[in-house]
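Following: one structure in structure tokens, then a few remarks.
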Amino acid sequence: MTEEVEQFRTRVQLQDWNPATTDNEEHNTQTAVFEVTAITAGIGNGWNFTQEALRASLGLWEGVEVFIDHQQPQTHRSLRDLAGVAYAARYDESCQGVVLKLKPSGPSAELLEQVGAEWLGSPSPRPRVGFSADIVFSASGKIVKQIIKVISLDLVYRPARGGAFNRVLQQQIQPMEEKMQNETTQLSESTASSTVENQLSLEVQQIKSNLLELKLKESNLPEPAQSQVRKQFESRQFALEELDQTIQSQRELVAALQGRSGIHGAGRIEEMRSERDQLQAAADDLLGAPREASMENTRVARLSGIRELYLRMTGDVDFHGRMSAERAQLADSDSLSNVLKNSFNKIMLQQWEQLGKAGYRWWEKVVKVEHMGSLQTVSGILLGEVSALGVISEGAAYGELEISDSGESNTFRKYGGLLPITLEMIDKDETHKLRQLPQKLASSAIRNISSLVAGLFSSSSGTGPIMADGAHVFDAIVHNNLGTTALSTTSFEAASQAIYQQSMISNDTTKPMLAVDARYLLVPRALRLTARQILYPTFERESNIFSENMLRGELGDVITVPDWTDANDWAAMADPNLVPGIIIAERFGLMPEIFVADQEVGFDMLHNDTINLKVRHFLSVFVADYRPLYKANVA
């Protein structure tokens with residue numbers, strides 16, 4: 001009696017209930033069974049599948065269906081492609097991979113069996129066919145930490161991660177119905193009383209309980225999640241499929257709360273296009289942002305608006321302002337705010353480039369941009385030049401060269417604010433407003449820098465800020481770089497000569513000249529034509545153009561400063577690549593940065609129904625050297 005109960009326990013634990021067959025069906029058939037490798041440890045299209053992750057996934061491979069070819073995008077699985085079922089998963093140390101038994105079954109079983117037999121029986125070279133898994137997994141960086149779900153194992157051309165036929169087995173398959181009938185007969189013969197039947201019922205319940213604990217142990221769920229599943233199933237009858245579905249739901253919920261170790265879901269190993277990447281590409285298309293290079297040719301579903309993006313990422317159909325894990329279509333650690341941040345940064349970069357081509361970044365030609373590693377005070381140190389090298393007699397000691405320094409310094413200023421994206425804006429599907437936000441931001445940042453640079457010329461009644469020597473940047477006596485003559489060929493030549501004759505920094509009694517002419521002519525809009533006629537003589541209608549050879553500049557040397565309001569003042573500058581005069585120091589980039597103002601992990605709009613994206617810009621704009629600058633304040 002005890003042996004029969006133990007035998008029944010084993011079969012209940014592993015049984016797969018199927019509808020009853022007819023009496024005409026054959027009860028004993030001989031079917032070819034293959035041993036195959038499903039996946040091996042190592043690098044597959046950039047993802048590192050570890051041995052630990054593969055060992056922990058063995059329970060997920062039991063009963064996985066095998067299809068011919070991968071499922072095509074935007075389609076459902078066809079029953080016609082079903083070719084078999086995998087079971088008896090084990091980890092093989094020799095190949096460092098998951099090895100399965102594969103029983104052909106379904107409409108495409110004959111094709112699977114034929115390909116496997118021919119491939120195993122053929123000498124090299126053989127076609128590059130094998131198995132590729134369609135899986136959901138969690139990763140940290142590019143290292144796969146856990147396989148969450150095995151959707152299918154597909155026979156494909158050129159698999160990504162080591163799937164292959166190993167050998168052909170022969171297994172006697174006995175229909176499950178006949179097994180169950182035999183078991184029923186054996187149990188009927190051995191259980192003659194209702195007392196024994198009750199005992200068997202208790203045994204079955206115990207087996208179910210053992211199975212529940214085994215499934216929970218293999219699930220790798222945290223203890224609180226296991227406790228919840230245990231309470232749901234421990235006191236009632238249940239089907240194995242129901243238990244597996246509940247465990248899988250708990251895995252997805254836990255993955256959604258894990259933070260940056262997010263799920264890269266339903267992405268095939270051969271292409272490595274995760275659902276998260278596809279949704280980011282769809283958001284980029286929706287907002288008009290350029291896609292990542294790796295996603296340029298990927299076909300993704302088109303989003304109707306920001307409302308659909310919000311619902312797909314959060315599942316918040318009632319607009320409570322927080323994520324609903326059971327309804328969210330994307331289980332990922334990145335929140336909606338991160339997706340918008342990524343798109344906004346790309347749009348802002350694109351707009352920055354377009355505005356530059358249109359001439360809005362005029363200041364780039366006349367400044368020297370320096371990247372700083374900290375927010376310490378920025379020093380614009382100018383090393384003094386050496387006028388001449390001294391003569392050294394044979395055997396004599398070298399004397400020290402006289403070098404003097406002159407420096408200016410300035411502190412960083414922080415510019416920025418919040419970009420609020422309200423729940424009302426999302427519910428109204430005001431996508432057009434979101435598209436404009438990063439474009440307006442790029443324009444605002446460029447205009448801010450434009451104002452700061454222009455202010456160096458126009459502040460203090462057109463004389464600029466005070467420098468370390470106590471004089472303003474433009475000073476007719478101390479710096480010899482301030483005039484009052486209206487713009488003309490003659491006055492520009494005088495300005496260029498004033499820059500050329502500036503003294504080099506030296507302790508010599510007779511200081512050498514800077515010897516650099518003016519390169520750029522900075523004017524308000526009212527003087528642009530006059531300036532072009534000076535530097536581009538072909539604009540002048542006179543037949544005798546003396547300035548053709550003397551002052552001729554290149555296109556772009558005339559710079560219109562949009563922030564100048566005085567219609568008569570103008571300025572001249574030497575090439576900053578030769579003599580830097582104005583410094584723009586940046587801490588985290590010349591463009592402002594956009595990032596999530598609240599917590600980056602998770603999602604919660606509960607407090608004020610607003611997603612806040614922070615805009616921040618650290619800049620220091622100042623004059624480091626007055627010598628390459630000249631200003632004319634025309635009365």
Side-chain angles (χ1 to χ4, degrees), residues 362-363 365-368 380-389 402-408 453 456-457 462-464 467-469 471-523 527 530-537 540 545-559 561 568-583 622-634:
W362 63 269
W363 38 266
K365 295 180 179 180
V366 299
V367 304
K368 189 74 172 179
I381 298 175
L382 302 176
L383 292 178
E385 295 85 357
V386 179
S387 59
L389 297 177
E402 294 185 359
I403 300 177
S404 60
D405 299 335
S406 174
E408 300 292 327
V453 177
L456 298 176
F457 294 85
T463 59
M467 302 189 71
D469 59 5
H472 289 272
V473 173
F474 302 103
D475 188 292
I477 299 176
V478 180
H479 294 162
N480 193 30
N481 64 349
L482 178 63
T484 59
T485 308
L487 179 62
S488 65
T489 301
T490 302
S491 61
F492 179 72
E493 169 62 17
S496 183
Q497 183 176 348
I499 294 175
Y500 190 94
Q501 293 178 345
Q502 288 282 359
S503 298
M504 298 179 69
I505 300 175
S506 172
N507 289 331
D508 296 340
T509 303
T510 303
K511 300 180 187 299
M513 291 187 296
L514 189 63
V516 177
D517 277 309
R519 165 72 185 276
Y520 296 107
L521 178 54
L522 285 68
V523 295
L527 292 179
T530 302
R532 287 178 173 177
Q533 290 171 342
I534 294 173
L535 293 190
Y536 318 141
E540 182 58 64
I545 305 175
F546 178 70
S547 61
E548 178 73 35
N549 295 323
M550 298 298 296
L551 300 175
R552 179 167 185 157
E554 300 178 359
L555 290 177
D557 290 351
V558 172
I559 299 176
V561 182
N568 299 311
D569 293 351
W570 57 276
M573 285 190 64
D575 190 339
N577 292 316
L578 301 177
V579 188
I582 299 175
I583 301 295
F622 66 103
V623 175
D625 188 0
Y626 65 85
R627 297 174 304 160
L629 309 178
Y630 184 91
K631 178 73 185 299
N633 293 330
V634 182

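Because the structure is a prediction, the values reported are computed rather than measured.
Annotation for His479 and Asp469: closest pair NE2-OD2, 2.6 Å, computed over non-hydrogen atoms. Of all the heavy atoms in Ala498 and Asn480, the pair that sits closest is CB-O, 4.1 Å. Taking both residues in full, the closest heavy atoms of Thr485 and Ser491 are given as CG2-CB, 3.8 Å, listed atom of the first, atom of the second, then distance. Here the closest heavy-atom approach between residue Met467 and residue Val623 is recorded as CE-O, 3.8 Å. The heavy-atom pair separating Ser496 from Asp517 by the smallest distance is OG-OD1, 3.0 Å. Of all the heavy atoms in Lys631 and Gly462, the pair that sits closest is NZ-O, 3.3 Å.
At a threshold of 4.5 Å between non-hydrogen side-chain atoms, the residues Tyr626 and His472 do not count as touching. Residues Arg627 and Val516 have side chains not in contact (no heavy-atom distance under 4.5 Å, counting atoms from C-beta outward). Residues Val523 and Leu487 are in side-chain contact: their nearest non-hydrogen atoms beyond the backbone lie under 4.5 Å apart. Looking at Trp362 and Val561, their side chains come closer than 4.5 Å, going by heavy atoms from C-beta outward. Looking at Phe492 and Leu535, their side chains come closer than 4.5 Å, going by heavy atoms from C-beta outward. Pro576 is listed as a side-chain neighbour of Tyr520, based on a closest heavy-atom distance under 4.5 Å. Side chains of Tyr630 and Met573 form no contact here, defined as non-hydrogen atoms less than 4.5 Å apart. No side-chain heavy atom of Val367 sits less than 4.5 Å from a side-chain heavy atom of Ile583.
Pairs of residues two or more places apart, or lying in two chains, that qualify as side chain to side chain donor-acceptor pair (under 3.5 Å) and include a residue from residues 570-583 are Arg519-Asp575, Asp575-Asn577.
Put simply, the residue from Asn481, Ile582, Val579 that forms a side-chain contact (heavy atoms from CB on, under 4.5 Å) with Pro628 is Val579.
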Practice problem: Carefully, step by step, assess Leu522 and Val558 under the rule side chain to side chain contact (heavy atoms under 4.5 Å, CB included). | Solution: CA-CA 6 Å; Leu522 285 68; Val558 172; over 6 Å; no
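Note: Ser488 OG to Ile534 CD1 = 6.0 Å, rounded to the nearest 0.5 Å. The CD1 atom of Ile499 lies 7.0 Å from the CG atom of Leu629; values are rounded to the nearest 0.5 Å. The structure places CG of Asp625 at 8.5 Å from CD of Gln502, a figure rounded to the nearest 0.5 Å. Taking OG1 of Thr484 as the reference point, atom CG of Asp569 lies at 10.5 Å (rounded to 0.5 Å).
For Phe457, the ring pair (Phe, Tyr, Trp, His ring centres under 6.0 Å) partners are Phe474, Trp564, not counting sequence neighbours. Here Asp475 pairs with nothing under the salt bridge (Lys or Arg N to Asp or Glu O under 4.0 Å) rule; sequence neighbours left out.
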